Each structure stands twice: as C-alpha cells, then as structure tokens.
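Presented below is the structure to which this report refers.
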Amino acid sequence: MTEGTTTSAPAEGVDTVSRLEQEGEIAADYLEGLLDIADLDGDIDMDVEADRAAVSIISDANSRDLQKLVGRDGEVLEALQELTRLAVHRETGDRSRLMLDIAGFRAKKREELAALGAKAADEVKTSGGPVKLEPMTPFERKVVHDAVAAAGLRSESEGEEPQRFVVVLPA
C-alpha cells in the first residue's frame, strides 16, 4: 500500500463529515427562517448520524406549538423534511438524505417501530411463518428492517407506495 492510499481514506471521511455538517447548517438556517415566519419558539440541534445529517427542533417551553409542525402521524414533519432537503439541494447542488425530527416525534416513533419489528420477529420464530405488517413510510420500514435483522431474521418490503409494507420471514 502506498502512503498516498493510506492518507486518502481519512481525508475522504473528514470530507464526508464536513459535507454533512454543512448540510446541517444550511438546514438549520432554513428551519430557523421557517420558525420565525410561523412565530414558533424552538432550538435547533444538529448532528451526523449513520452517514446523514440529522437536525432536530426541540423546545422546553410549549412543545404543543411544535406539534403543529409534526402534524397528524408526522405528515407535516415529512413535508418539512422534504422542503428542507430541497433547500439543502439548492445550496449545495447535491441530493440530501437529511433526517429531521421535531419535538422528539421520530425518536419516539423509532422506539415504537423497533419494538414492533422485534415483536414480529418473535411471532415468526414462534409460528414459523411469515408476518405481514401494515403499510409504512420508507423511514418506518427501515427501522423495522433493522430491528428484524437484529433479531436474527430477514425481512423484505413488498407492494407499491404508499401501500408498501414489510414482510418478516423465517431465517
């Protein structure tokens, strides 16, 4: 291995982290503007998780106000995430996989879905047959797939959007 080869990998990782941090900063600026327009209070937290920028809007005051930004079943949150990704794309020219969480909605949803995936895996282990779950968003399916894999089983997504669902299969 040459010396140039060994130094390029860390630099590439640093470049990726700095690119994701830049995405988070652009997203934070965009979201701060939206909060100002909507006259809502919230603090913005940025991080890099699993090779994607993660931005959260949190508030210790009236989180009920932030619930308006989550909407029913996270529908407004999904729309805001897409708008934020578009704002990042406009600035960088690159497609963003940024994840947005508001008032801990996604974090709570992730816990619930991980439990659902584990429960479905237990059911498959007991019955020996596949288990089909209700239709889910791509984010929700990913969390369930990860939980099923952690339980030592496999899963697949079937169907067409927006009715795409997870099937948990025996090992």
Side-chain angles (χ1 to χ4, degrees), residues 16-17 19-35 38 40 42-59 63-92 94-124 130-169:
T16 300
V17 170
R19 181 182 53 79
L20 293 174
E21 288 173 346
Q22 178 191 16
E23 281 187 21
E25 289 173 14
I26 293 167
D29 289 343
Y30 177 76
L31 292 166
E32 282 176 2
L34 286 177
L35 289 173
L40 296 173
D43 295 322
I44 299 189
D45 183 34
M46 297 178 294
D47 201 359
V48 174
E49 298 173 0
D51 293 332
R52 52 171 70 183
V55 179
S56 300
I57 300 175
I58 53 177
S59 174
S63 64
R64 183 169 229 185
D65 282 346
L66 289 183
Q67 291 303 316
K68 296 173 188 174
L69 297 178
V70 173
R72 190 187 70 197
D73 297 327
E75 290 172 341
V76 176
L77 171 59
E78 289 290 333
L80 286 173
Q81 177 175 276
E82 286 308 309
L83 288 172
T84 305
R85 286 177 175 177
L86 286 171
V88 170
H89 176 71
R90 185 185 69 227
E91 292 289 322
T92 65
D94 295 326
R95 180 179 170 270
S96 174
R97 296 177 52 233
L98 175 129
M99 288 296 292
L100 175 62
D101 192 6
I102 299 175
F105 177 83
R106 278 201 202 275
K108 182 180 176 200
K109 189 76 168 175
R110 184 176 283 124
E111 288 176 16
E112 293 169 359
L113 290 165
L116 175 67
K119 181 181 174 189
D122 288 343
E123 189 176 330
V124 168
V131 171
K132 293 181 182 182
L133 301 176
E134 295 295 317
M136 300 178 188
T137 67
F139 161 77
E140 293 169 336
R141 290 193 310 269
K142 168 79 169 97
V143 173
V144 172
H145 286 306
D146 290 347
V148 170
L153 296 180
R154 59 190 186 92
S155 57
E156 297 175 352
S157 291
E158 293 184 5
E160 298 293 323
E161 294 292 355
Q163 296 300 314
R164 202 153 164 80
F165 59 94
V166 174
V167 179
V168 182
L169 303 163

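Quick caveat, the model's predicted, so the values are computed rather than measured. Counting begins at 1 with the first residue of the sequence.
- Between Pro130 and Val167 the shortest heavy-atom distance is CB-CG1, 4.0 Å.
- Rounding to the nearest 0.5 angstrom, the gap separating the CG atom in Leu66 from the CG atom in Leu35 is 7.0 Å.
- Contact of the Phe165 side chain with the Glu134 side chain is not registered, since no non-hydrogen atoms from C-beta on lie closer than 4.5 Å.
- Residues satisfying the salt bridge (Lys or Arg N to Asp or Glu O under 4.0 Å) criterion with Glu123, sequence neighbours excluded, are absent altogether.
- Lys119 meets the salt bridge (Lys or Arg N to Asp or Glu O under 4.0 Å) test with no other residue; sequence neighbours excluded.
- Qualifying salt bridge (Lys or Arg N to Asp or Glu O under 4.0 Å) partners for Arg154, counting only residues two or more places apart in sequence or in other chains: Glu156.
- Between the CD1 atom of Ile44 and the CD1 atom of Ile58 there is a distance of 9.5 Å, given to the nearest 0.5 Å.
- Shortest non-hydrogen contact noted between Ser155 and Val168 is CB-CA, 4.2 Å.
- In this structure the side chain of Glu161 reaches within 4.5 angstrom of the side chain of Pro138, judged on heavy atoms.
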Just distance, no hydrogens or angles: give the donor-acceptor pairs under 3.5 Å from side chains in residues 103-111, sequence neighbours left out.
from   : atom 1 : to     : atom 2 : distance (Å)
Arg106 : NE     : Leu100 : O      : 2.6
Arg106 : NH1    : Glu78  : OE2    : 3.2
Arg106 : NH2    : Glu78  : OE2    : 3.2
Arg106 : NH2    : Gln81  : OE1    : 2.9

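- For the atom pair Leu133 CG and Glu158 CD, the distance stands at 11.0 Å (nearest 0.5 Å).
- Remark: the backbone N or O of Asp94 is paired with a side-chain donor or acceptor of Thr92 at under 3.5 angstrom.
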Please tabulate, for the side chains in residues 21-33, all donor-acceptor contacts under 3.5 angstrom to protein atoms that are two or more places apart in sequence or on a different chain.
from  : atom 1 : to    : atom 2 : distance (Å)
Glu23 : OE1    : Ser96 : OG     : 2.9
Glu23 : OE2    : Arg19 : NH1    : 3.2

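- Between Ile57 and Gly42 the shortest heavy-atom distance is CG2-CA, 4.3 Å.
- When all heavy atoms are compared, the tightest approach of Ala147 to Gly117 is CB-CA, 4.1 Å.
- The distance from the CZ atom of Arg85 to the CG atom of Leu80 is 12.0 Å, given to the nearest 0.5 Å.
- Here Leu98 contributes atom CG and Met46 contributes atom CE; the two are 11.0 Å apart, rounded to the nearest 0.5 Å.
- The shortest distance between side-chain heavy atoms of Gln67 and Arg72 does not fall below 4.5 Å.
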Next on the checklist: Is there a side chain to side chain contact (heavy atoms under 4.5 Å, CB included) between Glu140 and His145? Walk through the geometry before answering.
Outcome noted: CA-CA 9 Å; Glu140 293 169 336; His145 286 306; over 6 Å; no
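- Every pair tested for salt bridge (charged side-chain N to carboxylate O under 4.0 Å, His left out) that includes a residue from residues 43-55 fails, sequence neighbours excluded, so the list is empty.
- The structure places CG of Leu40 at 5.5 Å from CG of Asp65, a figure rounded to the nearest 0.5 Å.
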